[in-house]
Amino acid sequence: MNQRESLPVSRDAVASPVAATADAHAAAPPGTTPKASTPTSTRAMGQSHIHESARAQVAGAAHYIDDLPEVKGTLYAAPILSTVAHGTLNGVHADAALALPGVRGVVLAADVPGDPLLAAFAHDEPVFAVDTVQHIGQVIGLVVADSVMQARRAVRAVMLDITPLPAALTVQDALKAQRYVQPPVFVRRGDAATGLAQSAHRLQGAFEVGGQEHFYLEGQIAYALPLEQRQWSIHSSTQHPGEVQHWVAHALGIDSHAVRVECRRMGGGFGGKETQAGHLAVWAAVAANKFGRPVKLRFDRDEDFMVTGKRHPFAYEYDVGFDDTGRITGLKLQMAANCGFSADLSGPVADRAVFHADNAYFLSDVEVASYRCKTNTQSHTAFRGFGGPQGVIVIEAILGDIARALGRDAQDVRLANLYGKNASEGRNVTHYQMTVEDNILHELLPQLEHTSGYRQRQAEIAAWNAQSPALKRGIAITPVKFGISFTATLFNQAGALVHVYTDGSVQVNHGGTEMGQGLHTKVAQIVADELGVPLRRVLVTASDTSKVPNASATAASSGTDLNGRAAQFAARHVRDNLAAFVCGLDGCGAGAIRFADGQVISPNAVRSFEAVVKDAHANRIQLWSDGFYRTPKIHYDKATLTGRPFYYFSYGAACTEVVIDTLTGENRVLKVDILHDVGHSINPAIDIGQIEGGFVQGMGWLTTEQLVWNDQGALATHAPSTYKIPATGDIPAHFKIDLWPEANREDNVGGSKAVGEPPLMLAISVYEALRNAVAAGRGGVEATAPVVLTTPATAENVLRALGRVGD
């Protein structure tokens, strides 16, 4: 049986090694170190080893920045926030604050010793507001005091003199005024106008999707410590220590080599700490520079909501033509992203939305217009999927509306529009001119359709809806084709260090960051296999700019692809050194030396890894090395948005069943079946956890997580009391996940594929199932009309889609 004919790997199939490991830990005698898991294979990769910090997390012994011992003399900062969405900043009056106990002073724009603008790519955002304020919650300065509470009390005593100016608060406001953070982008293939004119059928529509708050468990935080000779140590909860280093050096007017940034772990990031962690590090460093003392800046949840950016809200307009089978024959699409007041990462986010506006489907004649709208709100930023979800959802909504208009099953319409399997079909080139070479959806989608019982359930749901007056069910299958690589080619590189000590233990340092996703665990597994040592002998240390310089952000789902490969190469250099040493002892070729099960095996002898390392050190053999990796094959023209921006695609599909109450608008996800492609999984348990978490996070974006700004530009939903992320009660009772068994067709580490972001878009099946339930609730002629369901699908928005309430 070949790989493509073999059965998918189920969640149940990977549960036992984890459970066995947990049992082994529980059974360990008091005062002893529990043994590592004992997988069925001696290789670490492909096994469900526990997360490297799991025991420390459960015991409360995993340190985050606020757990670190504080240096004597540490001061604490609190932000002074704008109370006006757009206005002229006339003055900051802090006399009352300065008179309060424990207050050391105020830090404003004049206290920045270097560039007053942050070292962001667009160079369009001030460190602190200078002459104008651009949104409610913009940081104007800091109050610094002897304690956190003294600083926060003092902030409330600061008086701001701001003259209001007209503010653009919506995408429509920005489009009308032509206010953009970056110029619009247009991508065309074929002749969309002719394709539309010659189409057998045609639909027009418009809808919006909301943003999303990151809601990481550990809020934004930074701790800046001035050292000797104008050197600095920065502890930052960041996905991009190298950028924090660059930003801090830029703001302080010093060289990057004088700034060391360290991050052992984050309590969640989801993209919210890719750029915006840098703000806090800069603010804390500027304050520490002014007072010559260490400064810690930690946002509370309200401040975090008010200051930091979210997932970009999008507004869409489309005109689509199609034939009798539902195949698209022409498409004009406008996507307008609400970017907030500065560019941040909005350009590449909007670019990726353009790249993923096709999702899994061939578009022969298409024209996409992308507007990057400037509004007076928080500057929106990276969020898991990075524009991909905003691109995928629009084409899935269009196909759902096409199916309704034709009275066809949406699954059949989706299958009819898929990219081809090979070049001979003439349907495997994207609208940005990348050839799709690894399409597995022609096999994956029918497999999920079969295992989920989609066709039978579709018929059962139709019968159930016919006899249920108030409750209506819906079901949908939606696929995902997600490109893996940074769209900015330069970020597709990574470095690592591997040190082997004389006792045979191994230490690894790489440029990626750990935010709970298991990156360090996977990297340790890769290095363990490369050296042939047990996983317990490998330790991955904190991300540190003084060890691996110029590292890219841990983002774009590329953490393991990049850093795992770099660490593998570093370990391979050490292994080659040891192999050359042993072959000299045994008089054989280096290629005959094997490393496995903690042993070094030659045709003439078997030695322990520890013994070989000890003897190699005595003979002055190098036992450490660096590794570097850059993603091959990719190229991309920013001017035309064409080329091969992605090394490969990750695929998957989800079948979701929902129910809505047509009287109240309430809804619930009942069943979810997922078949997802992770290649040859390095750690199945971690990958399935990522699929579960990504899906639920996407479900939250589309169902409950509503961001509301009032007509003054203030974010009204800025706390858990008004902003609802999914809880345990929202998880469907039937939640089944299988892994597609085929290895990555590209030469990726271990034959694996990225898993961080693609699963979030599986949750678009929830949105499509809800729209199908709404169509059933409308009934009659309305059942075939486009369903306009604004996300998130709150009770109010569901009732609005049903036509039960007005706008």
Atom pairs and distances, donor-acceptor, side-chain atoms in residues 254-262, under 3.5 Å, two or more places apart:
residue	atom	partner	partner atom	Å
Arg260	NE	Asp544	OD1	3.2
Arg260	NE	Asp544	OD2	3.0
Arg260	NH2	Glu262	OE1	3.3
Arg260	NH2	Asp544	OD2	2.6

Output a table of donor-acceptor pairs, distance under 3.5 Å, between side-chain atoms of residues 617-630 and any protein atom two or more places apart or on a different chain; print 'none' if there are none.
residue	atom	partner	partner atom	Å
Asn619	ND2	Asp615	O	2.8
Gln622	NE2	Trp624	O	2.5

Which side-chain N or O atoms in residues 494-502 pair as donor and acceptor under 3.5 Å with protein atoms at least two apart or in another chain?
none

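No hydrogens or angles considered: nothing links the side chains of Asn744 and Tyr647 as a donor-acceptor pair under 3.5 Å. Of the N and O atoms on the side chains of Lys753 and Ser650, not one donor lies less than 3.5 Å from an acceptor on the other residue.
A ring-ring contact (aromatic ring centres under 6.0 Å, His included) check over residues 506-548, counting only residues at least two apart or in different chains, returns the pairs His510-His520. Residue pairs that meet the salt bridge (Lys or Arg N to Asp or Glu O under 4.0 Å) test with at least one member in residues 579-593, sequence neighbours left out, are Asp586-Arg607.
Applying the side chain to side chain contact (heavy atoms under 4.5 Å, CB included) criterion to Lys614, with sequence neighbours excluded, gives no partner residue. Shown here are the side-chain hydrogen bond (donor to acceptor under 3.5 Å, both in side chains) partners of Asp351, two or more places apart in sequence or in another chain: Arg372, Tyr636. Listed by chain and number, the residues in a ring-ring contact (aromatic ring centres under 6.0 Å, His included) with Phe595 amount to none (sequence neighbours excluded). For Glu243, there are no side-chain hydrogen bond (donor to acceptor under 3.5 Å, both in side chains) partners two or more places apart in sequence or in a different chain. Take His51 and apply the side chain to side chain contact (heavy atoms under 4.5 Å, CB included) test, not counting sequence neighbours, and it matches Ser53, Ala54, Glu514, Thr521. Among residues two or more places apart in sequence or in another chain, the side-chain hydrogen bond (donor to acceptor under 3.5 Å, both in side chains) test is passed with Thr513 by Thr554. The ring-ring contact (aromatic ring centres under 6.0 Å, His included) test applied to Phe491 returns Phe486, not counting sequence neighbours.
Between His214 and Phe383, the two ring planes are parallel [angle under 30°; tilted spans 30° to 60°].
Smallest separation of non-hydrogen atoms from Gly512 and Asn563: N-OD1, 3.2 Å. Considering every non-hydrogen atom in both Ser543 and Pro241, the closest pair reads CB-CG, 4.3 Å. Among all heavy-atom pairs drawn from Phe646 and Ile634, the shortest one is C-CG2, 3.6 Å. Among all heavy-atom pairs drawn from Gln493 and Leu490, the shortest one is NE2-O, 2.8 Å. Contact record, Leu444 with Gly652: CD2-C, 4.0 Å, taken as the closest heavy-atom pair. Taking all atoms of both residues into account, the shortest heavy-atom contact from Glu274 to His240 is O-CB, 3.4 Å.
At least one side-chain heavy atom of Gln568 sits less than 4.5 Å from a side-chain heavy atom of Val749.
With hydrogens and angles disregarded, a donor-acceptor distance shorter than 3.5 Å links the side chain of Lys273 to the backbone of Gly268. Proximity of a side-chain donor or acceptor of Ser558 to a complementary backbone N or O of Ala556 within less than 3.5 Å is detected.
Within a 6.0 Å radius of NZ in Lys547, other residues, nucleotides and ligands contribute more than 12 heavy atoms. Under a cut-off of 6.0 angstrom, the local environment of CG in Asn604 is crowded, with over 12 non-hydrogen atoms contributed by other residues, nucleotides or ligands.
Annotation: the span from Arg352 atom CZ to Leu345 atom CG amounts to 12.0 Å, rounded to 0.5 Å. Between the NE2 atom of His49 and the NZ atom of Lys522 there is a distance of 13.0 Å, given to the nearest 0.5 Å. Separation of atoms CG (Leu448) and NE2 (His676) is listed at 12.5 Å; rounding is to 0.5 Å. Put simply, CG on Asp677 and CD1 on Ile440 are 3.5 Å apart, with the number rounded to the nearest 0.5 Å.
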Exercise for review: Would you sort out whether Gln525 and Asn683 count as a side-chain contact (heavy atoms from CB on, under 4.5 Å), showing the intermediate values?
Suggested key: CA-CA 9 Å; Gln525 289 177 261; Asn683 190 314; 3.0 Å; yes

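Using a 4.0 Å cut-off between charged nitrogen and carboxylate oxygen, Asp747 and Lys633 do not count as a salt-bridge pair. A salt bridge links Arg644 to Glu437: at least one charged side-chain nitrogen sits closer than 4.0 Å to a carboxylate oxygen. Between Arg265 and Glu218 there is no salt bridge, since none of the side-chain N atoms of the basic residue sits less than 4.0 Å from a carboxylate O of the acidic one.
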